[in-house]
Amino acid sequence: MASDEIKATLCFLDKTKLIKQGAEARVYRGTFLGKPTIIKERFPKRYRHPTLDEKLTHRRTTQEVRSILRCRKAGISAPVVYFVDYTTHCIFLEDLVSAITVRDHIRSIQESKQTIECLHMLADKMGEVLAKMHDEDVIHGDLTTSNMLLREGDGAGDTDPVLIDFGLSYISGLPEDKGVDLYVLEKAFLSTHPNTEALFDRLLKSYMASSKKSPAVIKKLDEVRLRGRKRSMVG
Amino acid sequence: MHLTQQLELFPDHFVTQLLFKDVKNAAELKKKAMEGQISGALINASMVLDPFQLLVATNKAIHLQKTGKMKTRSLYSEIIFNLSPTNNISEAFKRFGISDHDNAVHIVLVHTKEEDHNIDSILSKVEGQQIPISQMSMLSDTAKIRKLYKVTSQEEKCGSLLDSVICRMAIKDVL
């Protein structure tokens, strides 16, 4: 009976369009209960022991949907979860059809030779949203400009950016973890978008202004910058 | 009047929704449903915002039935249970199932062929006026829904009340 069911969800995925394949999951786009939907499938990893694979995959799936709900409850935009299939480890999420990534938005502004000032509002908003998320003790784990979306007609920052891909997220109140989260974003931001140091500084300033707990986090960020993301285990 | 939709995940399953107001025999209907004489989920219409909410609950119920992981005894009771934000079964029935004095009832039927629903049998049992599904939002009690699902105003800034409700229904088993 269980195998029939696995077939049912996988049969459905066959009819949807694969849009991204990563090391951890495949992402499909289709229609579910009449709505445009993104399906994230954590497929089995044959290189792992089956029991360990099942456990890790299950934990990451639950972690991802929990973080989404926690963020939404705090007023941080994240896609709606429609359905979770724990047998095939598929998450069915709201598809923000006409949204673009912050990455593409910044690129198009840079290419159009517009001044960077028109991105200031966006940097402020991003700082605010991340501060709010960290105040809820949600660590995203994979902050990049590709994992933030802007809804249509939203370039100027009328509404908040939508955070996506909570696959590596977890709950922690430690300034260290929040510092590393920001460090990962800084690295990704500056390597994806050259010559945007001033913009990222603006993001950090907005983060500092929005979060009461920010001084400890920024102190940690400075430490992490010197040593890298991983803590030294020497001694 | 009614609304029939096919489930993408289970293409051999169809979901039909009907809505009644001025229902006079809620107590009798409830009794019949509990005895299995009505094969349908009888839902308190004030707790439903949109047909999508019931589609999500029904899709999940069929999924759990097929994987042998239902928490309640039947598909229809599972649909009612899935509407609730908590994992307390009796509370779910109390809040989302119909009560003896309800005068509006939302009914969900699951069938395997598009035209093979038992609407006539339902119509013959309900003493009330059937109204179009599109009018369901007039019957929903948003204040009660906000309270029961514990939806705060800051959450409604980033999405609709329906979004918040759907999220809680989908995620409740791992909270």
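The shown structure was predicted, so the numbers you read here are calculated from the model rather than taken from an experiment. FYI, side chains are in, hydrogens and waters are out, and symmetry mates aren't considered; it's all heavy atoms of this structure.
- Neither the backbone nor the side chain of K150(B) comes within contact range of chain A; no heavy atoms are under 4.5 Å apart.
- Ranking D173(B), L64(B), V15(B), I171(B) against chain A, the residue ahead of the rest is I171(B), based on heavy-atom pairs under 4.5 Å.
- The distance from the OH atom of Y82(A) to the CZ atom of F52(B) is 5.0 Å, given to the nearest 0.5 Å.
- Separation of atoms CZ (F92(A)) and CD1 (I166(B)) is listed at 14.5 Å; rounding is to 0.5 Å.
- Side-chain contact check for L175(B) versus L69(A): some heavy-atom pair is nearer than 4.5 Å.
- Counting heavy atoms from C-beta outward, D160(A) and K157(B) have side chains that stay 4.5 Å or more apart.
- In this structure, NZ on K73(A) lies 5.0 Å from CZ on R168(B), to the nearest 0.5 angstrom.
- A heavy-atom distance below 4.5 Å is not found between the side chains of C71(A) and E155(B).
- For the set S164(B), S153(B), A170(B), the entry with the most heavy-atom pairs within less than 4.5 Å of chain A is A170(B).
- Of the residues listed (V165(B), D163(B), L162(B)), the one engaging V80(A) in a side-chain contact (heavy atoms from CB on, under 4.5 Å) is D163(B), and it is the only one.
- When heavy atoms are compared at a cutoff of 4.5 Å, T31(A) approaches chain B by way of both its backbone and its side chain.
- Expressed to the nearest 0.5 Å, how far CG of L33(A) lies from CG of L54(B) amounts to 11.0 Å.
- Within a 6.0 Å radius of CZ in R48(A), other residues, nucleotides and ligands contribute more than 12 heavy atoms.
- With E8(B) contributing its side chain and F12(A) its backbone, the two residues share no donor-acceptor pair below 3.5 Å.
- Within the 4.5 angstrom heavy-atom criterion, only backbone atoms of I76(A) (N, CA, C, O) approach chain B.
- With F83(A) as the aromatic partner, K60(B) does not meet the cation-pi criteria of under 6.0 angstrom to the ring centre and within 45 degrees of the ring axis.
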